[in-house]
Amino acid sequence: MEPIKLVKLIGSAEESFYQLGIKDRDGHSFLLNHMQTVLSLGVPKIDKILQELAANFFDHQQEKNSTYKLWLDNYSQGLGISSKELVFTLLLPELSSCLSRWLPSISGSMLGCSSFFFWDDKEESPTHGRILDFPLVSSFDKYERTILYDFPDLPKVYSFASTGFPFPSISSMNEYGVTLALHQKFTDILNISGRSVFDIGNELIFNTQTLEDALSILKKAEGITTWCFNMTFPDGRWLSADLMGNKLEYTSGEIQKGEMTYFNNDILSSDFSTADYHPYAIAPHNAMRSCSGNQKIKQLLKKKRLSDLDVLVSMGTPRAEATEQGSDWCLDTLTPSSVQVLTMNPSKGKCLSIAGEAPKVFIGDYEEHTNIWEDITIKLKSKKLKTTPLNFKLGLRDYMMAQVAFDHKDFTLAYHHIQMAHDALADTKWEVISEFYFLVFQFMKEKHKKVRATLLDRFQVILPDLPPVLQDHSWLYISRLERILHKTTRVKEKDIEHPALKRVLALENKIPNILLHRSITLLMAPRLDLVDVIYPLS
């Protein structure tokens, strides 16, 4: 295994971004195709209209920052594409937030995240642990890289990203001692006059030395939808700031020895509830990850001298409650779509990152990035483990590859990967979750009466063993199959806990049996990364 690829951009920023575009031509096309399939509805005429609307909508409003626009133009010239096409690509994640308000089936392109702020006792400095969840497994990690930006009159910046993402707006740090991790939030806010989140993140990391600097920039900025900027500063303070269109909601504090602070994708403002917005699974998703994160913190703080490696291993190792059969299921901070797991310590010019393919389950190999601001070195290192969770990592990868295949509309490959995942994840909680999605795929495509009868039986058999978030979905499939096979159903709204899914059942009950399957599967979107299924009537 080779350590992560490093790209150095030195000297003229304009020329550097042009050359970076030339290097990225092949990988950018691969990544663009994957991102477009994630946001596709599977109806070609509608997909084409959506893409044209998105490109035109964002084209006239994103060019608010002359530096960002200049760098974007140079990069697109290197890629050999128009700036308009590049803008569309970079704003696909943002588009998912906007359009989920009207088209819930495309709300799957989520930059899910976890951030841990902690004091590294070994290095005696504040450190930022970061997990990035993004449903681009097999493409983002295939072209994963770091970039060192060294431009005149600007601080050096070190960024973790992938080919096709030229700006340090996702996971980065600067030589002043500032870190930045971008978290996506979901609301119904849509600000047409806002700026790209990558533009705002770019401005922050290149122009911030203190918490006050960051707030000064954010108070003047306007976003398109809702995004969170999680940041740490060299004096030990931290900031978690939701930019909600033209409104700013933030909280701040100080990193203390013997304490850790955790954030994910929950909305900070008390005026908004995450549970009210698409995707509906994100609220329980966040609650479970918060529980897991806080349990990990309790274990980490028992150590006499907490180090960045301790936190990296913890972030990359799922807790038993997230895996073992028979236990109450609780989604871990590490998820099947975790494409980055890393720590950033800019004051010491040091980072750690988990090596290899996503999902970034820690199996012993990691990368150590040192002397970043002077003469950077990246070394592949290893840590011995009592038990190596290799099968679990391979199983989760097959699980996410089933999602990738579904996004590319390849059901045969989706069947293959979900069956492989089911076998590799045997004796874990993910075994029954994998079977659930295999049944969902079959429900969408198989129309034979005997197959549907088998599906009905299997949904009823696995229902008690499923996590609560999927039990409600199973009741929906039982209702649908009973109506298709027997013209009536015994399932009532009281059988379902989630209010949104109660409404789905009520709306579907108004659809004639003969039209039921066609009408609900046309835009149905299984989201294995969110442990959810998104329905056209939700």
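We number each residue from 1, following the sequence as shown. Any value given below was found using the heavy atoms of this structure, including those in side chains, with hydrogens, waters and symmetry copies removed.
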**Prompt:** When you look at Ser269 and Asp242, which way does the side-chain contact (heavy atoms from CB on, under 4.5 Å) test go after all the steps?
**Reply:** CA-CA 8 Å; Ser269 173; Asp242 283 355; 6.0 Å; no

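- In this structure a side-chain-to-backbone donor-acceptor pair under 3.5 Å is missing from Asn230 to His183.
- Rounded to the nearest 0.5 angstrom, Thr335 OG1 and Asn264 CG are separated by 11.0 Å.
- The closest donor-acceptor contact from the side chain of Asn74 to the backbone of Glu15 lies at 3.5 Å or more, if one exists at all.
- No donor-acceptor contact under 3.5 angstrom links the side chains of Asp365 and Ser382, judged on distance only.
- Take Lys393 and apply the salt bridge (Lys or Arg N to Asp or Glu O under 4.0 Å) test, not counting sequence neighbours, and it matches no residue.
- A donor-acceptor pair shorter than 3.5 Å can be found between the side chains of Thr226 and Thr187.
- For the residue pair Arg527 and Ile534, the shortest heavy atom distance occurs at CG-CD1, 3.7 Å.
- Between Trp71 and Phe206, the two ring planes are perpendicular [angle over 60°; tilted spans 30° to 60°].
- Salt bridge status for Lys122 with Asp120: absent, with no side-chain N to carboxylate O gap under 4.0 Å.
- Classification of Glu144 and Lys360 as a salt-bridged pair holds, one side-chain N sitting under 4.0 Å from a carboxylate O.
- For Leu301 against Glu259, the heavy-atom pair with the smallest separation is CD2-N, 4.0 Å.
- Contacts of Asn207 classified as side chain to side chain donor-acceptor pair (under 3.5 Å), with partners at least two apart in sequence or in another chain: none.
- By the neighbour-count criterion of 12 heavy atoms within 6.0 Å, atom OH of Tyr250 is sparsely surrounded, having that number or fewer from other residues, nucleotides or ligands.
- In terms of heavy-atom proximity, Phe233 sits nearest to Ala214 at CZ-CB, 4.0 Å.
- In this model, no donor atom of one side chain and acceptor atom of the other lie less than 3.5 Å apart for Gln295 and Gln299.
- Judged by distance alone, the side chain of Lys156 and the main-chain N or O of Trp373 form a donor-acceptor pair under 3.5 Å.
- Put simply, CD1 on Ile81 and CG on Leu86 are 5.0 Å apart, with the number rounded to the nearest 0.5 Å.
- The shortest heavy-atom contact between Met173 and Cys351 is CE-SG, 3.4 Å.
- A pairwise comparison of heavy atoms in Ala355 and Glu367 identifies CB-OE2, 3.7 Å as the closest pair.
- At least one donor-acceptor pair under 3.5 Å links the side chain of Ser292 to the backbone N or O of Leu331.
- Around CZ of Phe151, the count of heavy atoms belonging to other residues, nucleotides or ligands within 6.0 Å exceeds 12.
- No donor-acceptor pair closer than 3.5 Å links the side chain of Ser314 to the backbone N or O of Asp310.
- The closest donor-acceptor contact from the side chain of Tyr68 to the backbone of Glu203 lies at 3.5 Å or more, if one exists at all.
- In summary, of the residues considered (Asp529, Leu136, Val339), a side-chain contact (heavy atoms from CB on, under 4.5 Å) with Met400 occurs for Asp529 alone.
- Judged by distance alone, the side chain of Ser172 and the main-chain N or O of Ser169 form no donor-acceptor pair under 3.5 Å.
- Note that the OH atom of Tyr158 and the CD1 atom of Ile376 stand 3.5 Å from one another [nearest 0.5 Å].
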* Are Lys383 and Phe362 close enough, and set up right, to give a side-chain contact (heavy atoms from CB on, under 4.5 Å), and what steps lead you there? -> CA-CA 10 Å; Lys383 176 181 173 63; Phe362 189 84; 4.1 Å; yes

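- With Met344 as reference, His128 is the one residue of Lys350, His128, His369 to meet the side-chain contact (heavy atoms from CB on, under 4.5 Å) rule.
- Contact check on Lys348 versus Asp308 returns no salt bridge, with no Lys/Arg side-chain nitrogen under 4.0 Å from an Asp/Glu carboxylate oxygen.
- The backbone N or O of Thr210 lies less than 3.5 Å from a partner atom in the side chain of Asp213, making a donor-acceptor pair.
- Side-chain N/O atoms of Ser290 and Tyr262 include no donor and acceptor closer than 3.5 Å.
- In this structure, Leu204 CG and Leu215 CG are separated by 9.5 Å, a value rounded to the nearest 0.5 Å.
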Working for side-chain contact (heavy atoms from CB on, under 4.5 Å), residues Arg237 and Glu212
CA-CA 11 Å; Arg237 290 186 293 170; Glu212 288 77 17; 2.8 Å; yes

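- Scanning both residues, Leu385 and Pro389, for their nearest heavy atoms gives CD1-CD, 4.3 Å.
- Using cut-offs of 30° and 60° for the angle between ring planes, the Phe263 and Phe117 rings count as tilted.
- A side-chain donor-acceptor contact under 3.5 Å links Thr179 and Thr232.
- No donor-acceptor distance shorter than 3.5 angstrom exists from the side chain of Asn286 to the backbone of Ala283, with no hydrogens or angles considered.
- Checked by atom type, the side-chain pair Ser76/Ser83 shows a donor-acceptor distance below 3.5 Å.
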*Trp227 and Gln184: side-chain contact (heavy atoms from CB on, under 4.5 Å), yes or no, with the steps?*
CA-CA 5 Å; Trp227 293 82; Gln184 191 170 15; 3.5 Å; yes

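- Between Phe167 and Phe17, the ring planes are tilted. Angles from 30° to 60° get that label.
- With salt bridges taken as basic N to acidic carboxylate O contacts below 4.0 Å, one links Glu368 and Lys381.
- A side-chain donor from one of Ser125 and Asn345 sits under 3.5 Å from a side-chain acceptor of the other.
- With 3.5 Å as the limit, one finds a donor-acceptor pair spanning the side chains of Tyr75 and Asp24.
- Under the 3.5 Å distance criterion, the side-chain polar atoms of Asn174 are matched with a main-chain donor or acceptor of Tyr176.
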